[in-house]
Amino acid sequence: MRIATRFAPSPSGHLHVGGARTALFCWAFAKGRDGTFILRIEDTDQKRSSDAASIGFAKDLHWLGILWDEGPQWQGVGGGPHGPYFQSERLAIYNHHLQRLLDAGHAYYAFETGEELDAKRKASAAAGKPYRYDRAALALQPDEVASKLAAGVPAVIRLKCPGHDVTIKDEVLGEATIPATEIDDFVIRKADGFPTYHFAVVVDDELMQVTHVLRAQEHFTNTAKHMLLQDALGFRRPAYAHLPIICNPDGSKMSKRDKDKALRKAVAERKLTEPPTGIVDPGAWGAWLGDKNVQLDLETGQRLADALGITLPEINVDDFKRSGYLPEVLINFLALNGWSPGNDIEKFDLEFLRTSFDPRRVVKTPAKFDRVKLLSFNCDAITGMPHEEFLRRAIAHGRSYHPAFMDRMGEQGIAMLAKASQERSKTLDDMFRGNRFFVVADDALTWERSKNTDKAMLGEAPSGCDHLRALLPVLGGVTEWTSTGIEAAVKPYAEAHAAGQLGKAAQPLRIAVSGGTVSPPIFDTLAILGKASTLRRIERAIAAFTATSA
RNA sequence: GGCCCCAUCGUCUAGCCCGGUCUAGGACAUCUCCCUUUCACGGAGAGGACAGGGGUUCAAAUCCCCUUGGGGUCACCA
């Protein structure tokens with residue numbers, strides 16, 4: 001039988017890095033064995049699903065280079081003989097198998113409301129006993145059930161568990177036996193007519209001929225339920241491999257809520273009581289501030305972060321894209337969380353992963369996601385790529401995330417900036433984020449006043465400002481305004497007037513034109529800025545620093 | 001709390017299944033020095049782990065037990 005794996009996200013948001021890793025391993029396992037990789041959208045929760053989210057998944061997966069053989073059709077991928085691939089479109093299929101279970105006496109209707117069940121759960125908790133469904137509905141007479149159904153009383157369907165222990169065989173975790181007492185008659189169809197996750201998964205995995213289920217370890221205990229369902233339905237049993245969770249450096253589970261956490265912290269630190277105008281509407285703001293469980297939607301959260309001047313932690317694949325990480329690096333790094341090829345190889349690509357991935361080499365322990373190491377990998381990849389490629393990718397990134405910057409710099413300016421930036425960039429975003437001074441109007445530039453800037457500009461004579469005054473005519477006389485042309489003028493000046501210490505002249509220049517102490521190499525910076533801007537900024541800088549120091 | 005799983009440098013991990021080749025290897029981070037017009041990059045070097053306790057054995061990171069610690073799960077969410 002042909003190997004088949006599936007990635008089955010619920011479309012309740014963007015693709016999370018943990019999900020991305022699951023997808024990656026599923027893909028690698030199937031594709032490395034001439035198998036099929038299926039994408040299935042588990043949208044059985046009507047309250048939490050959205051079409052936009054499933055498109056987000058497709059985009060993110062596509063960006064990572066993980067393409068599905070079967071699944072929703074999107075830009076030339078997908079389709080397949082086992083559709084539809086949205087669970088919400090498979091209701092008739094589920095109902096058919098539900099009826100089989102009912103007919104065989106393996107399942108039964110139950111009429112307790114959510115509130116009733118909650119009360120029973122609370123009572124058990126108060127008594128210090130674990131809660132299990134009490135099978136009250138099993139005592140109902142057939143005609144009672146029929147009349148309730150006919151009367152339209154909301155009903156769920158539960159699986160009648162056989163009452164024996166279940167031993168799970170797992171490719172990474174080995175064998176584990178779940179005692180019968182731990183598994184109660186769980187719900188397989190909700191009152192709204194939709195199947196629960198457990199039921200839909202089991203049916204779809206069978207019908208889509210999935211042979212290997214690779215999923216996160218949080219599903220491990222669920223496996224017992226799925227096995228019981230397979231037995232009741234007469235289905236085959238796929239092989240299971242449960243992948244360790246990816247978590248934050250502090251050990252907490254990585255989640256979308258981390259963004260809200262970062263925002264709340266920043267808001268508290270700034271003692272903000274009113275929302276920044278036009279970012280969050282006052283009603284939503286109040287609800288959000290008042291309840292830690294309320295989350296801001298992605299766009300609003302991002303706008304608030306921008307307004308507060310903070311960077312949100314990257315959680316979703318799209319966040320890493322926005323931050324300027326390369327897809328091939330993210331994939332490489334993700335694969336290293338929970339798996340390794342077994343030698344000292346750390347840098348590899350999709351193709352390598354495809355041919356070497358083996359679930360038996362998956363680690364059993366949860367991994368803490370180390371963004372610092374990821375950044376280091378990204379830096380290596382960026383500094384190591386051919387410059388044409390860097391230029392191309394930087395431009396694509398800029399068009400998506402910094403269109404105004406791109407416009408103001410112009411094609412030639414961007415090319416020059418890219419040239420000066422590649423070897424000092426850790427992400428595609430660095431070139432834009434760190435260099436905003438290039439695109440502010442000359443007369444709008446302000447200067448950071450700190451120990452460092454004041455020392456460089458106003459230190460002992462000749463001070464930075466003195467050098468700048470002297471440099472003004474020198475630069476003014478430069479006829480070939482290029483990096484080398486400028487260097488040819490400034491170097492001799494430093495030799496003659498700064499004891500050959502180029503820094504004595506370079507640093508004041510840097511501060512004057514950039515407003516701060518960090519920029520690309522100074523001659524490149526001046527060349528990109530142009531002669532007029534350079535001179536104008538120097539004049540204004542001298543004025544700004546000397547005016548306040550007098 | 002019940003149940004299930006897990007446990008090697010700060011972090012990701014190699015080694016564990018098939019005990020000796022492990023004075024435990026690599027990577028990121030850290031520290032020192034070098035390079036340097038800033039920030040980075042780069043180069044050289046250093047420190048850093050088998051959770052604890054019992055066994056088994058000539059020999060244990062590797063096998064067994066206990067303790068401790070961590071994670072997952074106990075929904076009409078997936």
Side-chain angles (χ1 to χ4, degrees), chain A residues 8-12 42-45 47-49 87 110 112-114 117-118 121 125 128-132 154-158 168 170 173-174 176-179 181-184 186-192 194-198 200-201 215-224 242 244-245 247 249 251 253 333 336-347 360 363-377 379-380 383 421-426 430 434 452 456 487 490-491 494 501-507 509-511 514 516-523 525:
Chain A
S10 63
S12 50
E42 309 224 326
D43 54 350
T44 55
D45 185 353
K47 289 189 283 287
R48 302 205 308 182
S49 296
Q87 290 186 330
E112 291 89 349
T113 63
L117 293 172
D118 280 345
R121 264 189 283 272
K129 283 192 284 194
Y131 171 78
R132 298 283 114 81
V156 302
I157 298 176
R158 288 178 180 270
I168 304 168
D170 189 273
L173 262 16
T177 299
I178 310 294
T181 51
E182 290 300 312
I183 315 164
D184 69 358
F186 57 96
V187 172
I188 56 180
R189 195 192 75 179
K190 301 180 265 187
D192 65 3
F194 276 68
T196 60
Y197 158 75
H198 305 297
V201 157
R215 57 175 26 161
Q217 250 172 43
E218 63 197 71
H219 290 299
F220 185 68
T221 351
N222 287 336
T223 308
H242 286 92
I245 306 278
C247 49
K253 200 170 156 186
F333 184 70
L336 249 18
N337 277 255
W339 180 81
S340 84
N343 42 39
D344 289 336
I345 296 176
E346 276 206 309
K347 301 286 179 71
R360 285 171 302 191
V363 158
K364 302 177 183 187
T365 50
K368 296 189 177 93
F369 192 82
D370 184 357
R371 288 188 179 76
V372 180
K373 184 164 180 174
L374 171 65
L375 191 60
S376 165
F377 273 38
C379 178
D380 288 350
T383 54
S421 298
Q422 180 175 3
E423 65 174 21
R424 39 196 299 285
S425 286
K426 294 190 169 191
D430 285 354
N452 286 342
E487 182 169 1
V490 177
K491 272 248 170 87
Q501 291 181 278
L502 190 52
K504 291 280 183 211
Q507 200 56 359
L509 279 171
R510 188 185 318 282
I511 293 167
S514 78
T517 55
V518 179
S519 85
I522 190 62
F523 302 122
T525 301

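Every value quoted in this text rests on a predicted model; they were computed, and no experiment measured them. Proteins get letters first, then strands, A, B, ... in listed order; numbering begins at 1 in each.
Tyr131(A) has its OH atom 17 Å from the C1' atom of rU73(B), to the nearest Å. rG26(B) atom C1' lies 12 Å from atom NZ of Lys347(A), rounded to whole Å. The CG atom of Leu336(A) sits 11 Å away from the C1' atom of rG26(B) (whole-angstrom rounding). The nearest whole Å value for the distance from the CG atom in Asp170(A) to the C1' atom in rG72(B) is 13 Å. Across the protein-nucleic acid pair, Trp339(A) atom CH2 and rA14(B) atom C1' stand 13 Å apart, rounded to whole Å. Look at CG on Asp344(A): it is 12 Å from P on rC28(B), rounded to the nearest Å. Between the CD1 atom of Ile245(A) and the P atom of rC12(B) there is a distance of 14 Å, given to the nearest Å. Atoms CZ (Arg215(A)) and C1' (rG72(B)) sit 13 Å apart, rounded to a whole Å.
Arg189(A) and Phe194(A) make their closest contact through CG-O, 3.4 Å (heavy atoms, listed as atom of the first residue, atom of the second, distance). For Thr383(A) against Ser425(A), the heavy-atom pair with the smallest separation is CG2-O, 4.1 Å. Residues Gln87(A) and Ala200(A) come closest through the heavy atom pair NE2-CB, 3.4 Å. Closest non-hydrogen pair, Thr525(A) versus Pro520(A), comes out as OG1-O, 2.9 Å. The nearest pair of heavy atoms linking Val187(A) to Thr196(A) is O-OG1, 3.0 Å.
In terms of position on RNA chain B, the residue among Asn343(A) and Asn222(A) whose nearest nucleotide sits closer to the 5' end is Asn343(A).
Here His198(A) lies in heavy-atom contact (under 4.0 Å) with a base. Residue Val372(A) is in sugar-phosphate contact alone, with no base atom involved, counting any heavy-atom pair closer than 4.0 Å across all strands shown. Contacts of Gly342(A) with the nucleic acid, taken as non-hydrogen atoms under 4.0 Å apart, involve only primed sugar atoms and P, OP1 or OP2. At the heavy-atom level, Gly338(A) lies under 4.0 Å from the strands shown only through sugar-phosphate atoms. Among the protein residues, Glu112(A) comes within range of the nucleic acid bases, having at least one heavy atom under 4.0 Å from a base atom. At the heavy-atom level, Val201(A) lies nowhere under 4.0 Å from the strands shown.
Comparing rU62(B) with rG25(B), their C1' atoms sit 16 Å apart, to the nearest whole Å. Rounded to the nearest Å, the gap between the P atom of rG45(B) and that of rA40(B) is 23 Å. Taking the C1' atoms as reference points, rC66(B) lies 37 Å from rU30(B), given to the whole Å. Here the separation of rG1(B) from rG47(B), taken at their P atoms, is 42 Å to the nearest Å. Separating the C1' atom of rG20(B) from that of rC41(B) is a span of 44 Å, rounded to the nearest Å. Here the separation of rA7(B) from rG53(B), taken at their C1' atoms, is 15 Å to the nearest Å. As rounded to the nearest Å, rA14(B) and rC76(B) have P atoms that lie 38 Å from one another. rU13(B) sits 16 Å from rG71(B) when the P atoms are compared, rounded to a whole Å.
With both pairing distances under 3.5 Å, rU68(B) is matched to rA7(B) as a Watson-Crick or G-U wobble pair. If you check rC18(B) for Watson-Crick or wobble pairing at under 3.5 angstrom, you find it has no partner at all. When both distances must be under 3.5 Å, the Watson-Crick or G-U wobble mate of rG2(B) is rU73(B). In a base pair of the Watson-Crick type (N1 to N3 plus N6-O4 or O6-N4) or a G-U wobble (N1-O2 and O6-N3), with each distance short of 3.5 Å, rG42(B) is matched with rC34(B). Nucleotide rG48(B) forms no Watson-Crick or G-U wobble pair with any nucleotide shown, as no partner meets the under 3.5 Å limit on both distances.
Summarising the geometry, atom CD1 belonging to Ile178(A) is positioned 6.0 Å from atom CZ belonging to Phe220(A); distances are rounded to the nearest 0.5 Å. Put simply, CD1 on Ile345(A) and CG on Asn343(A) are 4.0 Å apart, with the number rounded to the nearest 0.5 Å. The line from NE2 of His242(A) to NZ of Lys364(A) is 14.0 Å long, rounded to the nearest 0.5 Å. Of the inter-residue distances, the one linking Ile245(A) atom CD1 with Lys368(A) atom NZ reads 13.5 Å to the nearest 0.5 angstrom.
In this structure, the side chains of Lys347(A) and Asp380(A) come closer than 4.5 Å at one or more pairs of heavy atoms. Side-chain contact between Leu173(A) and Gln217(A) is present, with heavy atoms from C-beta onward closer than 4.5 Å.
The side chain of Ala367(A) lies closest to rU13(B) when the candidates are rA29(B), rC77(B), rU13(B). Minimum atom distance to the side chain of Glu346(A) is reached by rG26(B), of the listed rG26(B), rC76(B), rA78(B).
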Seminar exercise, completed: For nucleotides 1-8 of chain B, 5' to 3', base contacts (B), sugar-phosphate-only contacts (S) and non-contacts (-) with protein non-hydrogen atoms under 4.0 Å give -BSSSSS-
For this session: Determine, for nucleotides 30-49 of chain B in 5'-to-3' order, which nucleotides have protein heavy atoms under 4.0 Å from the base (write B), from only the sugar-phosphate (write S), or from neither (write -).
Result: -------BBBBS--------
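Nucleotide rC41(B) carries a syn base; the chi torsion (O4'-C1'-N9-C4 or O4'-C1'-N1-C2) is within 90° of 0.
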For this session: Begin with the C-alpha distance, continue with both residues' side-chain angles, and end with the deciding distance and a verdict on side-chain contact (heavy atoms from CB on, under 4.5 Å) for Thr44(A) and Lys190(A).
Result: CA-CA 10 Å; Thr44(A) 55; Lys190(A) 301 180 265 187; 4.2 Å; yes
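Distances shown here put every side-chain N or O of Arg189(A) at or beyond 4.0 Å from the OP1 or OP2 atom of rC76(B). Taking side-chain N and O atoms only, Thr196(A) has no distance below 4.0 Å to OP1 or OP2 of rA78(B).
Looking at Lys373(A), its side chain has no donor and acceptor atom pair within 3.5 Å of the base of rA29(B).
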